[in-house]
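Notes to accompany the following structure.
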Amino acid sequence: MKYDPGSRFFDEMFTADGQVRPHYEGVRAYLERLGVPEFERRRHLLDAAFRNQGITFTVYGDAQGTERTFPFDPVPRVIPASEWAHVEAGLTQRVRALNAFLADIYSGAQILADGVIPAELVFTSSHFRREVHGVTPPGGVFIHVVGTDLIRDERGEYLVLEDNLRSPSGVSYLLANRQAMTRIYPGLFEGQGVRPVQHYATALLANLQAVSPKPGGTVVVLTPGMYNSAYFEHAYLAQQMGVELVEGRDLFVDAGRVWMRTTGGRRQVDVIYRRIDDDFLDPLAFRRDSSLGVAGLMEVYRQGRVAIANAVGTGVADDKAVYAYVPDMIRYYLNETPLLNNVPTYLGWNADHLEHMLTNAPQLVFKSVGEAGGYGMLIGPAATREETAAYLERVRANPREFIAQPVVGLSRHPTLYPDNGAFEGAHIDLRPYVLFGRDVTIVPGGLTRVALTRGSLVVNSSQGGGSKDTWVLDHDGPGQAQGMTQHLHGDPAPGAAPGGDPLPGQGSTQRQNQFQGQFQSQSQGQGQTQGQSQRQGQVQAQGGAHSYQQQLEKTELGAAPAGEEN
């Protein structure tokens, strides 16, 4: 494997002197056995599979078209067990403090009275919702699903870049990535001790049902519709959980309850996993021009007759200015020392910080506190003088809406670039997904995002980024893991390719059966919403779990030229 790790950034796979890290030994050996040409050929199969399955995202305002296939690099990111244990403990600590903060500020606001966090910062946040002050959601759980963005600096230390508490996206790509990797590169997993991620949908459903106002309540996924950037994910998760995917027009309020229109009559809804921002949830409470929500929903919510996940008003805790105070929340509510540090952050509303931001703009990264997806940023070292001057005018006009951070050299990872067929270092981050309720459940790994534009530090898909499969091992490596399930552990089958994978037409049936159905949809609930069958059918027609596997088998065994769509 030809690869230069360099010395400027922390490299995930190699040390600065070119030695492979112990937990990557198995990946390196597989790549060398398989060879770059075969590895590249299978990458083309991955691309075709993602196109056929309809694994897409949307870029708004792009001249090339809004919908794109989600880019994927097949060299996995590997995290050893001891390293993950530290990350997991830090995330658990952080989510507990954030939930305590939300419960506090929407009731007594003691943390503000004690001066730990400036009250002005909280009450001027565009995501603070006075409409739900005094409302305690079922079980006192405000943040049912959390996606925390982590990076590693030049020393290899994990730092928290931001918290995503409203409706964090991307977990469907995590699951689809793993499914595709186990189908296209099955030999890569042999003897590695990779912890599974397929249980996420089951755990999510259990987490949602646990906050239902009544036992056995009905759960739905509320989507803005098929033109939303994350619609694939909304449909995918609804299918995996075996619940209804609904739009606002499918729901209505009557007699103090929320109901769903179905072909068999109305059906009460008890839990709404919403993928809609607060502003659009209820035109009677928030934006009057919203056609995406449900009129009267907030009144039912205030009465405790429906649960909404994540709770209304959680956005105040992922405001990029409030983020700077999360370590103080941990000390205040938990009386603990933070296990994961923040990136140093300057706040525009603080006069001293603002002066530093304006003076040192060419060395800083500026962010708008209300933006997401890589929008509203200025990377000082990469910006022109004119771009910087124009951006700083906005900062001066409304300093509360901006923060700045020093440029952090994100860690890099070997990535296969299709234009030259070579492995090069690309910057990455990590978004683990945390389910919070009676217990804290964290999917082992998360979504590793990679900056596929050479030299870029921006990993967001909307800015040219892609993703990788993320492995968490049950050991620290090297060496073969113990107690693994059969489909991730064992000797190469007869008639295997150099990497331990079945050759076309040989020894593949058993492995296909082992993975068959892992992502099949659970049985759908009775009483489908009007129009909902058609919407889910569109996603399945693009390539449901079964047709996806059939397509891979057809591509693998049918000898179609690499990169050609069947």
Side-chain angles (χ1 to χ4, degrees), residues 53 55 76-81 84-85 87-89 91-92 95 141 143-148 167-183 186 188-189 192-212 219 221 232-243 245 271 273 275 309-310 430-448 467-475 481-489 511 513-525 544-546 548-549:
Q53 193 185 10
I55 301 177
R77 191 245 187 95
V78 183
I79 302 174
W84 178 250
V87 170
E88 196 171 36
L91 292 173
T92 299
V95 73
V141 179
I143 43 177
H144 310 79
V145 184
V146 179
T148 299
S167 53
S169 63
V171 73
S172 61
Y173 302 120
L174 177 161
L175 301 174
N177 289 350
R178 178 61 58 84
Q179 180 190 20
M181 286 288 286
T182 53
R183 292 288 294 113
L188 182 58
F189 290 81
Q192 296 290 338
V194 182
R195 294 176 59 183
V197 298
Q198 293 92 334
H199 62 284
Y200 177 83
T202 301
L204 174 60
L205 180 59
N207 206 44
L208 296 173
Q209 290 175 330
V211 296
S212 172
V219 178
V221 177
F232 165 78
E233 174 158 299
H234 306 164
Y236 184 89
L237 290 177
Q239 182 189 56
Q240 295 304 306
M241 290 190 290
V243 304
L245 177 70
V271 182
Y273 177 34
R275 301 303 296 262
N310 288 348
L430 176 65
R431 176 177 289 183
Y433 294 90
V434 185
L435 299 177
F436 182 74
R438 295 191 184 98
D439 300 306
V440 176
T441 301
I442 304 178
V443 179
L447 182 67
T448 291
S467 69
K468 290 175 173 285
D469 190 17
T470 307
W471 293 4
V472 171
L473 305 183
D474 64 359
H475 60 92
Q482 299 298 319
M484 293 305 298
T485 54
Q486 183 180 358
H487 71 277
L488 294 183
H489 183 70
R511 189 176 303 280
N513 290 338
Q514 288 166 347
F515 293 108
Q516 185 74 28
Q518 283 184 359
F519 285 84
Q520 298 288 348
S521 63
Q522 301 177 20
S523 59
Q524 300 295 313
H546 181 64
Y548 169 45
Q549 292 183 348

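Just so you know, residue 1 is the first one in the sequence shown, and it goes up from there.
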**Message:** Counting C-beta onward and ignoring hydrogens, is there a side-chain heavy-atom pair between Arg431 and Ser169 closer than 4.5 Å?
**Reply:** yes

*Do Leu208 and Met241 have side-chain heavy atoms sitting under 4.5 Å apart?*
yes

Strictly by modelled atom types, are Thr441 and Asn207 linked by a side-chain donor-acceptor pair under 3.5 Å?
no

So CD1 of Ile79 and OG1 of Thr448: to nearest 0.5 Å the spacing works out to 6.0 Å

Between Gly445 and Val472 the two heavy atoms that sit nearest each other are N-CG2, 3.2 Å

Note: Ser172 and Tyr236 closest approach over all heavy atoms is CB-CD2, 3.8 Å

When every non-hydrogen atom of Gly446 is compared with those of Tyr433, the smallest separation belongs to CA-CD1, 4.5 Å

Can you find a heavy atom in the side chain of Gln192 that is under 4.5 Å from one in the side chain of Val78?
no

Note: Thr92 and Val95 closest approach over all heavy atoms is O-CG1, 3.3 Å

key: Residue pair Val171 / Glu233, side-chain heavy-atom distance below 4.5 Å   = yes

Side-chain donor/acceptor of Asn310 to backbone N/O of Val145, under 3.5 Å:
yes

Closest non-hydrogen contact found for Arg178 with Arg195 is NH1-O, 3.3 Å

Value for CG (Asn177) from NZ (Lys468), rounded to nearest 0.5 Å, stands at 10.5 Å

Nearest heavy-atom approach of Leu447 to Leu174 is N-CD1, 3.7 Å

Query raised in the report: Which is it for Thr470 and Val197 under the side-chain contact (heavy atoms from CB on, under 4.5 Å) test, yes or no, and what are the steps along the way?
Result: CA-CA 10 Å; Thr470 307; Val197 298; over 6 Å; no

dist Ile442:CD1 -> Phe436:CZ (nearest 0.5 Å) comes out at 11.0 Å

Open item on the list: Are the side chains of Leu435 and Tyr200 in contact, using a 4.5 Å heavy-atom criterion?
Closed with: yes

Kindly assign one of parallel, tilted or perpendicular to the pair Trp471 and Phe189, based on the angle between their ring planes and the thresholds 30° and 60°.
tilted

